[in-house]
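In what follows, a single structure is set out as structure tokens and then discussed.
As the structure lists them, so they are numbered: ligands from 1, and atoms in each ligand from 1.
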Amino acid sequence: MSDDDCEALIVGAGFSGLYLLHRLREAGIDARLIDAAEEPGGIWYWNCYPGARVDSQVPLYELSLPELWRDWTWSERYPGWRELRAYFRHACDRLELWPHMAMGRRMTGAAWDEGQRKWRITTGSGETIAARYLLPCLGFAAKAHVPKIAGLESFAGEWHHIGHWPQQGLSMAGRKVAIIGTGASGVQVAQEAAAEAAQLTLLQRTPILALPMRQEALSEEQQEREKADYPALFAARPLTRGGFDVNGVEISALDVDEAERRRLFERQWQAGGLRFWYANFADLLTDERANRHAYDFWRDKTRARITDPALHEILAPSEPPHPFGTKRPSLEQHYYEIFSQDNVSLVDLKRAPIERIVPEGILTAQGLVECDLIVFATGFDAGSGGLTQVEIRGRDDRSLADVWRGGVAAYLGAAVHGFPNLAYLYGPLSPSGFSNGPTAAEIQGDWLRDFLVKLRDGGLTRFEANAEAEREWTASVAAIGAMTLFPRAKSWYMGDNIPGKPRQLINYPSVVGYTNYLDEVAADGYRGFALA
Ligand code: N01
């Protein structure tokens with residue numbers, strides 16, 4: 001990529017960034033892309049910890065472009081990070097994106113130049129790129145969260161956050177490993193560590209309500225047969241609530257008898273993956289009594305796999321720690337079985353909180369957890385973190401971090417008043433965390449391409465979200481969220497996982513609702529934006 005000015009600078013080479021690059025270049029817009037990573041893949045570059053694999057099944061978890069899927073085959077239904085990275089290289093090859101990409105370049109700051117109507121973006125290597133449009137596609141988990149625990153600097157062993165795992169890999173064989181955090185990442189790395197480590201200790205604050213993945217090996221022949229159905233499958237994605245293939249059944253869990261309820265639960269449970277979450281009864285996430293039925297089903301199924309009864313109450317409590325599915329479920333392959341191994345133990349941090357880290361390990365209220373490797377599976381400053389960790393200064397020279405200090409506000413979960421010609425994808429107040437990633441990438445990417453083409457064709461060079469439109473959108477996300485059970489959990493969906501972060505639902509909870517709204521805005525002449 002040359003250092004010349006460009007029309008649109010995309011930051012981030014995950015699904016959103018690459019798809020947008022492809023669509024903009026196809027439309028004749030001079031778009032370029034930078035990314036701090038050495039290879040494309042976004043989250044699949046940084047999160048290369050043992051066991052990292054996607055929890056949405058392929059082909060739903062890939063782009064719908066026939067030139068990509070026609071000659072691509074996966075080895076597993078839920079592929080791991082290595083295979084996903086290879087897929088991203090394949091996408092860059094097939095779509096001929098490489099000449100327009102510069103890897104290993106981190107955006108370190110950006111400032112709007114009103115006189116020139118351009119963004120000036122600085123990178124870690126000291127260069128400045130000028131671009132008419134700045135389009136951050138940073139993913140929802142671009143900023144790792146390492147909680148402040150006293151004494152970490154005194155630790156004699158090694159520690160890593162799963163989002164900054166060493167690219168050269170790291171053996172856990174024969175080591176004493178402690179994992180803090182039992183979200184999706186903690187579960188995945190624990191399954192691998194249990195097989196290798198001399199001693200594995202999991203430090204759990206809240207139990208994860210994990211679902212069986214039911215991994216499946218895929219043959220080339222099977223996928224060739226399935227490819228006949230791909231177009232219909234991809235067309236269905238934006239019309240569902242979660243960007244998957246189907247919605248749940250359109251009836252209440254309370255309108256059927258116990259036997260029928262169990263039949264549906266059992267069907268989705270056996271189908272595996274996240275289906276028990278996204279393809280369940282219509283009121284799973286809106287009615288507490290309906291939700292409780294699902295929780296009880298999950299608890300009983302899970303307890304049946306935990307051999308030590310003393311762990312039942314810690315891993316699968318009688319009473320739900322939060323309504324089922326309001327904190328993101330994860331997929332597991334043999335998570336509950338590892339606790340019957342002699343080399344695995346569990347610390348319930350609710351009973352024995354961490355006091356400090358000492359050179360030999362982690363000191364809890366119940367004693368020392370000896371270890372030589374600490375894995376922080378403690379999550380991310382989700383949604384806004386990736387955008388606010390970089391100094392992005394808008395028209396009044398205020399930074400986005402400053403503007404969002406009291407909470408995120410953005411029109412369509414993409415554009416911010418005071419920040420002209422900036423549109424971020426897969427970020428806060430869009431469906432991102434509630435959407436299958438590639439689905440959101442395509443919905444937002446297509447819409448933004450159309451918008452920028454419309455500006456170009458109309459001889460326009462500036463857009464800015466109106467303050468009123470931004471207020472309305474932000475309020476509507478909160479209002480829709482209030483109709484669900486999501487605010488009932490302390491989760492990253494609500495910003496609760498980061499000390500001091502304002503509490504708000506950070507994602508728009510319906511992909512199809514979002515798709516329809518974007519279409520309306522476009523049909524209405526891109527209402528809510530000031531165009532110049
Ligand atoms: O992070 P998380 P994650 N002391 O925030 C605990 C996606 N993802 O990286 O629940 C002790 O979910 C925290 O405890 P609590 C997926 O969308 C997808 O696992 O706050 N513990 C929790 O247990 C997922 O939801 C895939 O009480 C502390 C854990 O750390 C999202 O990424 C794979 C703590 C954090 O869980 C994030 O998942 C991986 C502290 N001070 C991730 N602070 C797949 O596609 C936090 N915790 C498969």
Side-chain angles (χ1 to χ4, degrees), residues 14-15 42-44 46-58 60-61 76-81 84 139-150 152 161-165 178-192 201-211 213 215 242 273-274 277-278 315 321-322 325-333 335 346-350 352-357 362 364 369 374-383 385 426 431-438 440 489-499 501 506-507:
F15 276 116
I43 199 85
W44 302 113
W46 300 105
N47 288 29
C48 58
Y49 58 86
R53 63 178 60 256
V54 66
D55 59 11
S56 304
Q57 63 275 30
V58 295
L60 289 173
Y61 193 74
E76 292 177 309
R77 189 62 80 194
Y78 298 89
W81 65 268
L84 285 158
F140 76 90
K143 186 180 178 195
H145 169 57
V146 178
K148 287 191 174 46
I149 302 178
L152 179 57
H161 187 280
I162 52 92
H164 294 288
W165 202 258
I179 301 176
I180 304 178
T182 52
S185 310
V187 166
Q188 292 188 328
V189 76
Q191 292 174 147
E192 304 299 313
T201 310
L202 266 107
L203 294 100
Q204 170 193 289
R205 198 164 60 180
T206 309
I208 180 92
L209 311 186
L211 297 168
M213 174 181 280
Q215 177 67 291
L274 292 171
W277 184 45
Y278 74 76
L315 287 168
H322 43 263
T326 54
K327 216 165 171 167
R328 194 166 180 293
S330 77
L331 300 189
E332 55 78 34
Q333 293 174 278
Y335 180 61
L346 181 68
V347 174
D348 179 1
L349 294 178
K350 291 254 161 69
I354 295 175
E355 290 182 345
R356 60 183 292 110
I357 292 177
I362 303 169
T364 74
V369 174
I374 302 176
V375 178
F376 282 91
T378 42
F380 298 86
D381 181 351
Y426 210 60
S432 61
F434 288 141
S435 173
N436 176 30
K490 281 185 78 182
S491 71
W492 63 260
Y493 286 150
M494 296 298 301
D496 288 309
N497 64 328
I498 303 299
K501 192 166 173 173
I506 63 162
N507 295 132

Under 3.5 Å: donor-acceptor pair, side chain of Lys327, backbone of Lys490
yes
Which residue and heavy atom of the protein sit nearest atom 36 (O) of ligand 1, plus the separation
Gly183 CA, 3.6 Å
Drop me the distance from Leu346's CG to Leu202's CG, to the nearest 0.5 angstrom.
6.0 Å
I'd like to check whether Lys327 has a polar contact with ligand 1, where a contact means an N/O of the residue lying under 3.5 Å from an N/O of the ligand.
yes
For Ile180, take its heavy atoms, then give the atoms of ligand 1 lying under 4.0 Å from any of them.
11 (C), 21 (N)
Ranked by distance from atom 23 (O) of ligand 1, the top protein heavy atom is Thr182 N, 3.0 Å
Are side-chain heavy atoms of Pro499 and His145 found at a separation under 4.5 Å?
yes
Output the list of atoms in ligand 1 that are nearer than 4.0 Å to some heavy atom of Pro147, sorted by atom number.
40 (C), 41 (N)
Do any nitrogen or oxygen atoms of Ala377 come within less than 3.5 Å of a nitrogen or oxygen of ligand 1?
yes
With a 4.0 Å cut-off on heavy atoms, is Tyr493 in contact with ligand 1?
no
Smallest heavy-atom separation, Pro79 atom then Leu84 atom, equals O-CD1, 3.6 Å
Quick one: does any side-chain atom of Asn436 pair with a main-chain N or O of Leu60 as donor and acceptor, under 3.5 Å?
yes
Between Tyr78 (side chain) and Asp55 (backbone), is there a donor-acceptor pair under 3.5 Å?
no
Any side-chain heavy atom of Val189 sitting closer than 4.5 Å to one from Pro50?
yes
For atom 8 (N) of ligand 1, which protein heavy atom lies nearest, and how many Å away is it?
Ala184 CB, 3.9 Å
The single option from Val369, Thr201, Asp348 that satisfies side chain to side chain contact (heavy atoms under 4.5 Å, CB included) with Thr364 is Val369
What is the closest protein heavy atom to atom 31 (C) of ligand 1, and at what distance does it sit?
Trp492 NE1, 3.7 Å
Which ligand 1 atoms does Phe380 reach within 4.0 Å, using its non-hydrogen atoms?
9 (O)
Element-labelled atoms of ligand 1 that are located less than 4.0 Å from some non-hydrogen atom of Tyr49:
33 (C), 39 (C)
If I apply the N/O under 3.5 Å rule, does Asn497 come out as touching ligand 1?
no
Shortest non-hydrogen contact between Pro321 and Thr206, atoms and distance:
CB-CG2, 4.2 Å
Could you check if a side-chain atom of Ile180 sits within less than 4.5 angstrom of a side-chain atom of Ile362, using non-hydrogen atoms only?
yes
Among all protein heavy atoms, pick the one closest to atom 1 (O) of ligand 1 and tell me residue, atom and distance.
Gly379 CA, 3.2 Å
Just by distance, do the side chain of Arg53 and the backbone of Trp81 share a donor-acceptor pair under 3.5 Å?
no
About how many Å separate CE of Met213 and CD of Gln191, when rounded to the nearest 0.5 Å?
7.5 Å
min-distance protein heavy atom vs atom 13 (C) of ligand 1 -> Arg205 NH2, 4.3 Å
Using a 4.0 Å cut-off to any heavy atom of Arg53, which atoms of ligand 1 qualify?
44 (C), 45 (O), 48 (C)
Would you say ligand 1 has an N or O under 3.5 Å from any N or O of Gln188?
no
Considering the heavy atoms of Val54, write down every atom of ligand 1 situated less than 4.0 Å from one of them.
45 (O), 48 (C)
Under 30°, 30 to 60°, or over 60°: which ring-plane class applies to Tyr493 and Trp277, parallel, tilted or perpendicular?
parallel
Give the atom numbers and elements of ligand 1 that come within less than 4.0 Å of a heavy atom of Leu349.
11 (C)
Atom 39 (C) of ligand 1: which protein heavy atom is closest, and how many Å away?
Ser185 OG, 3.3 Å
Nearest to atom 27 (O) of ligand 1, what protein heavy atom do you find, and at what distance?
Thr206 OG1, 2.5 Å
Could a heavy atom of Phe140 be found less than 4.0 Å from some atom of ligand 1?
yes
Numbering as shown, the atoms of ligand 1 that approach Arg328 to under 4.0 Å (heavy-atom distance):
16 (C), 17 (O), 25 (O)
